[in-house]
Amino acid sequence: MTYKSNLSTLEITGDSAVITIENGKKNLLTIPEFIDKAVLEDALKANPQVTSLIITGAGRHFSHGADVTHFNHPMCSPMHSTHTELLRKAKELLLYIENLPVITVAAINGGCFGGGLEIALSCQFRICSKSAFLGLPEVNHGVIPGMNGVERLTRVVGKSKAISMILSGEILTAADAKKLKLVHHVSEKKDCMNDAAEFVRTLKEGKSALQIKSIISLANSTAGGNPIDPEDTSFDSVLSDKISRGVED
Amino acid sequence: MREITEEIKNEIKDMIFDYYAEECEIDPSEISLDSNPQDDLGGDSLMFVELIELASEKYDMDVKLQSVGKYLLKAPLNTMQDVIDVFCKIYQYGNEIVNL
C-alpha cells in the first residue's frame, strides 16, 4: 500500500512501513511537516500489523533540512502565524513518531542536517552509510534548531556535547557519530537501507506484534518521564496472547 | 607541509575522476578538467567532503571537516581542476589549509 503526502511516500508492506522523503537532490524540508501526521496516523491505524517504521531519503541524501533561502522570507517571520503553525505541526509529527509503539529507524545516507537530523532524532535508532554526515548547523544561518532537535540531541549525546555541537554548527562524520552513539550502526555499503531493514528484521524475528508494541510502549512511557506503573498489565496481555496462539516455549 | 609528487597528483586526479563518475553515474570519459562538478556532472557540494573523508585514510590526511568547509568558502570548486587542486592542498597542508 502506498500513500503520498507532502514531501514523502509512505509504503506499507506486511508488518513494515517505510517513509521516503523526496524533494530534489537534497530532500530539502520546504514543508517542515514532511508527511501529513493525519495521513501517517490513519495509515498505521488501518494497518495495525505494522511493527516497524524506517524513515529514509530518496537518492544520495537523507535530508539537508530546511531551505535556508526561505529564512529571509517574510513568511518565515515568527510574527507570521503560517510559519509558526507549520513548525508546530512538524513538532507534533516528530513527537508522534517518537511515541509510536513500533520499532523506528532512520536510514541515513549522505547529508543529514538541520531538520533532517531532527527527524532522525525522533527515531529510536539511526543507521547510516559510512559516507554520511550529520549535524545541526542552524546557528550558521542565524537561527536554532526549530523542531526540538536541541532537546533530543541532548538526550542522546549528553548536555555538554549537544551544546558545543549545536553552538559550533559541528558536522560529524559517520565514524564520529558512532563514537558519540548518535548512530547505532555504520553500514559499509553506500546505501544503508538494506542494513536498516536487516537490523529491524533481526529485532522483530520470533516476536509477536503484541510483544513488540508492549515493550516499546513501556519504554516510551518511561523515557517520557512517566513513573513505573505497578498496575501495568502488559505482561498478562502478552501471556494471554501467547497461550491463545498456542506458541510453544 | 608535505611534499607531493607528480605521480601522486596523477593518482589523485584519476581517483577523483573515478569517484565523481561513480557518484554521478556517468562515464569517466565524459569528465574533463573544465567540467563543473555541479552544473555539468550533477554532483553536489557535499560530494567533495565525502571524498576527503573516504580518501583520508588512504592518503594519510589529517583534516577536520570544519577546516575543509572554511577553505571552500575561500576557494569554490567551479571546475574539476579546482577539485584536484584543493584536494592536493589538503594532502599537503592538512588542517593548516585554513591559514593559506
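Each chain gets a letter, A, B and so on, in the order the sequences are listed, and its residues count up from 1. Atom set for the values below is all heavy atoms of this structure, side chains included, hydrogens, waters and symmetry mates excluded.
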Measuring only between side-chain heavy atoms, which start at C-beta, is T20(A) closer than 4.5 Å to I55(A)? no

Whether the D34(B) and S32(B) side chains hold a donor-acceptor pair (N or O, under 3.5 Å, no angle test) is what I'd like checked. no

Contact residues of residues 122-133 of chain A (partner chain B; heavy-atom separation under 4.5 angstrom): K130(A), S131(A), F133(A)

Cation-pi check, R2(B) to Y93(B): give yes when NZ or CZ is under 6.0 Å from the six-membered ring centre and within 45° of the ring axis, no otherwise. no

Heavy atom to heavy atom, less than 4.5 Å: which residues from residues 3-22 of chain B reach chain A? Y19(B), E22(B)

Would you say P137(A) and I171(A) make side-chain contact, with heavy atoms under 4.5 Å? yes

Does I166(A) reach the side chain of L153(A), with side-chain heavy atoms less than 4.5 Å apart? yes

d(M147(A) CE, K91(A) NZ) to nearest 0.5 Å is 10.0 Å

Within-4.5 Å side-chain heavy-atom neighbours: L10(A) and I35(A): yes

Distance, nearest 0.5 Å, that separates CD1 of I216(A) from CG of L203(A): 8.5 Å

Pair R88(A) + E33(A), salt bridge at N-O below 4.0 Å: no

Using a 4.5 Å heavy-atom cutoff, which residues in residues 110-120 of chain A come close to chain B? G110(A), G111(A), F113(A)

Output for pair (I97(B) CD1, L100(B) CG), nearest 0.5 Å, gives 5.5 Å

Kindly compute the distance separating CG (L172(A)) from CG (L134(A)), expressed to the nearest 0.5 Å. 6.5 Å

Against chain A, label E53(B) side chain, backbone, both or neither, depending on which of its atoms sit under 4.5 Å from a heavy atom there. side chain

Determine whether I90(B) and F48(B) make a side-chain contact, defined as any pair of heavy atoms from C-beta on separated by less than 4.5 Å. yes

Measure the CG-NE2 distance between L28(A) and H64(A) for me, rounded to the nearest 0.5 Å. 8.0 Å

Straight-line distance of E57(B) CD to D62(B) CG, nearest 0.5 Å: 12.5 Å

Identify the residues of residues 63-85 of chain B whose heavy atoms come closer than 4.5 Å to a heavy atom of chain A, ordered by number, or report 'none'. L65(B), Q66(B)

Looking at R155(A) and E151(A), does any basic side-chain N land under 4.0 Å from a carboxylate oxygen? no

Side-chain heavy-atom pair F34(A), N27(A) within 4.5 angstrom cut-off: no

Any side-chain heavy-atom pair from E198(A) and H185(A) closer than 4.5 angstrom? no

